[in-house]
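Below is one structure, written out as structure tokens; comments come after it.
All values derive from a computational prediction rather than experimental measurement. For the numbers below, each heavy atom of this structure counts, side chains included, while hydrogens, waters and symmetry mates do not. A, B, ... follow the sequence lines: proteins, then strands. Residue 1 opens every chain.
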There are 2 protein chains.
Amino acid sequence: MTRTALTSEEVLTTAARLVRADGPGALTMRRLATELGTAVTSIYWHVGNRESLLDALVERTVREMGEIHPAGDTPHARIVSVARALHSALRERPQLIAMVHERGLTERMFLPAQQALVHEMHAAGLRGETAAEAVRAIQFQVVGFVLVERNRERSPEQHPSEGELWDSPTAEHDPALARALAGPADTGRLFTVSLEALVSSLLAPGVADG
Amino acid sequence: MTRTALTSEEVLTTAARLVRADGPGALTMRRLATELGTAVTSIYWHVGNRESLLDALVERTVREMGEIHPAGDTPHARIVSVARALHSALRERPQLIAMVHERGLTERMFLPAQQALVHEMHAAGLRGETAAEAVRAIQFQVVGFVLVERNRERSPEQHPSEGELWDSPTAEHDPALARALAGPADTGRLFTVSLEALVSSLLAPGVADG
DNA sequence: ACCTGAACACCGTTCAAGT
DNA sequence: ACCTGAACACCGTTCAAGT
């Protein structure tokens with residue numbers, strides 16, 4: 001009983017499924033071979049080694065990310081919408097994004113978004129290095145946020161101990177603050193606040209020129 | 001020829017050295033045993049397994065991070081100084097910080113800084129949930145930045161291809177922008193710009209209350 | 001051109017046996 | 001109380017041998 005001819009396409013698809021389901025750590029060559037119904041060594045013929053398989057997976061993810069469609073009437077609104085779209089796109093593919101991150105390909109994944117942002121910065125009147133800096137500030141903000149959020153999600157256990165430690169002198173004459181810092185962060189709101197602050201500052205005339 | 005009695009302290013110190021030198025991936029139980037001059041299995045008696053060894057390492061790093069000393073005359077300046085201190089402290093211990101990050105203990109590591117920030121927010125007149133939100137916005141900003149920077153450092157190779165892709169329509173009538181985006185980002189400046197924008201916005205009266 | 005099993009050099013971990 | 005070697009079940013990868 002032999003199976004139909006193996007293709008690198010099939011290897012990639014199955015590998016992507018495993019990563020999405022159980023994370024990159026669960027993608028072992030032997031498990032992949034079992035899943036595909038072939039010998040481990042056949043995979044090597046088609047995709048080289050594990051490293052290049054992961055490279056191909058990442059490449060595919062970058063392509064699949066798709067285009068960005070800015071929405072809104074003002075440059076400010078359209079920039080914010082791009083940042084938000086990026087934010088949720090990244091959040092929907094946590095494991096694959098982590099792999100893109102590990103491989104340092106985050107920038108290339110961001111290229112379409114970057115071009116959209118450049119367009120909007122131009123519309124807002126920014127040019128040259130100032131515009132470039134503004135675009136990058138947005139990117140850093142969004143990527144940084146996603147990374148921090150992922151970090152927090154992976155460890156919901158630590159908050160109690162953090163709560164204990166907030167029985168500090170400061171906490172006593174500001175209980176509302178202590179309560180807020182003991183509980184989980186409202187990351188959605190933090191994202192909005194920080195993003196609005198940044199965009200407003202970037203679009204304010206003459207600020208980024210110092 | 002027997003060596004002096006093994007202690008868990010010695011195991012931790014040697015393990016920390018290996019991680020600092022070659023990263024967490026290089027810390028294998030067998031290599032650690034060789035380095036210590038004992039059998040692999042002795043380590044298990046002292047520190048449990050690899051996982052709890054890494055836990056202990058991380059715990060130690062968090063403690064060693066030390067205190068934060070705000071500098072400057074205005075709350076704005078002092079908040080910025082705390083953020084900067086955090087930023088460089090994190091950058092000086094990349095591998096160990098990565099482990100703290102992986103284990104989701106970033107928050108606990110940030111506790112002293114958090115308390116310093118709360119103090120400054122109070123000095124600036126912020127209270128309760130507004131102050132808590134402001135503190136967290138700063139934290140997210142700094143941590144996010146460090147993570148993005150580390151990601152970029154790990155992959156200096158990708159810029160050429162990014163440069164190629166910047167032969168786009170927009171690039172032609174703004175060559176300065178294309179040049180800026182093709183080259184490496186000035187992360188120090190981006191950090192300053194974003195941080196100043198955020199702090200100014202957070203300390204502006206009545207903004208974070210909507 | 002494509003697939004295979006055997007073999008190699010690595011892992012982390014357990015456990016009975018030593019002192 | 002502390003240390004040990006043998007053994008187990010995993011890895012990724014190579015390579016000669018098959019069709």
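A:L6 has its CG atom 5 Å from the P atom of C:dC3, to the nearest Å. Whole-Å rounding puts the B:L36 CG to D:dC3 P distance at 11 Å. In this structure, CG of A:L32 is placed 14 Å from C1' of D:dC11, rounded to the nearest angstrom. Going from atom OH of B:Y44 over to atom C1' of D:dC8 covers 13 Å, rounded to whole Å.
Ring planes of A:H87 and A:F191: parallel class, angle under 30° (limits at 30 and 60°).
Residue B:W45 has its side chain nearest to D:dC3 when only D:dG5, C:dT4, D:dC3 are considered.
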After noting the C-alpha distance and the side-chain angles of A:E9 and A:R60, does the key distance pass the salt bridge (Lys or Arg N to Asp or Glu O under 4.0 Å) rule? CA-CA 11 Å; A:E9 204 51 41; A:R60 192 186 239 210; 2.3 Å; yes
Under the criterion side chain to side chain contact (heavy atoms under 4.5 Å, CB included), I'd like the reasoning laid out for B:M99 against B:T61: C-alpha separation, chi angles, the key distance, then a yes or no. CA-CA 10 Å; B:M99 284 170 52; B:T61 306; over 6 Å; no
Show the numbers, then the answer: is there a side chain to side chain contact (heavy atoms under 4.5 Å, CB included) between A:M29 and A:N49? CA-CA 9 Å; A:M29 301 300 271; A:N49 55 15; 5.6 Å; no
Determine whether B:V146 and B:L86 satisfy the following criterion, side chain to side chain contact (heavy atoms under 4.5 Å, CB included), listing intermediate values before the conclusion. CA-CA 10 Å; B:V146 172; B:L86 276 176; over 6 Å; no
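The shortest distance between the side-chain N/O atoms of B:H46 and the OP1/OP2 oxygens of D:dC3 is below 4.0 Å. A close approach under 4.0 Å does occur between a side-chain nitrogen or oxygen of A:S42 and OP1 or OP2 of C:dT4.
Residues B:D55 and B:S52 have side chains that never bring a donor and an acceptor to within less than 3.5 angstrom of each other. Side-chain contact check for B:E149 and B:T187: at least one donor-acceptor pair (N or O, by modelled atom type) lies under 3.5 Å.
For the segment residues 8-29 of chain A, residues with any heavy atom less than 4.0 angstrom from an atom of DNA chain D are, sorted by number, A:L27, A:T28, A:M29. A heavy atom closer than 4.0 Å to some atom of DNA chain D occurs in A:N49, A:R50, these being the qualifying members of residues 48-59 of chain A.
Counting heavy atoms from C-beta on, the side chains of A:L203 and A:I79 come closer than 4.5 Å.
The neighbour count for A:E129 CD, taken as heavy atoms of other residues, nucleotides or ligands under 6.0 Å away, does not exceed 12.
Between A:V40 and B:R30, the residue whose closest nucleotide on DNA chain D is further toward the 5' end is B:R30.
When atom types are taken as modelled, the side chain of B:R127 and the backbone of A:A176 share no donor-acceptor pair closer than 3.5 angstrom.
Going from atom CG of A:L198 over to atom CD of A:Q141 covers 5.0 Å, rounded to the nearest 0.5 Å.
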How would DNA chain C look in dot-bracket form, 5' to 3', counting Watson-Crick and G-U wobble pairs with both distances under 3.5 Å and writing | for bases paired to another strand? ||.|||||...|||||.||
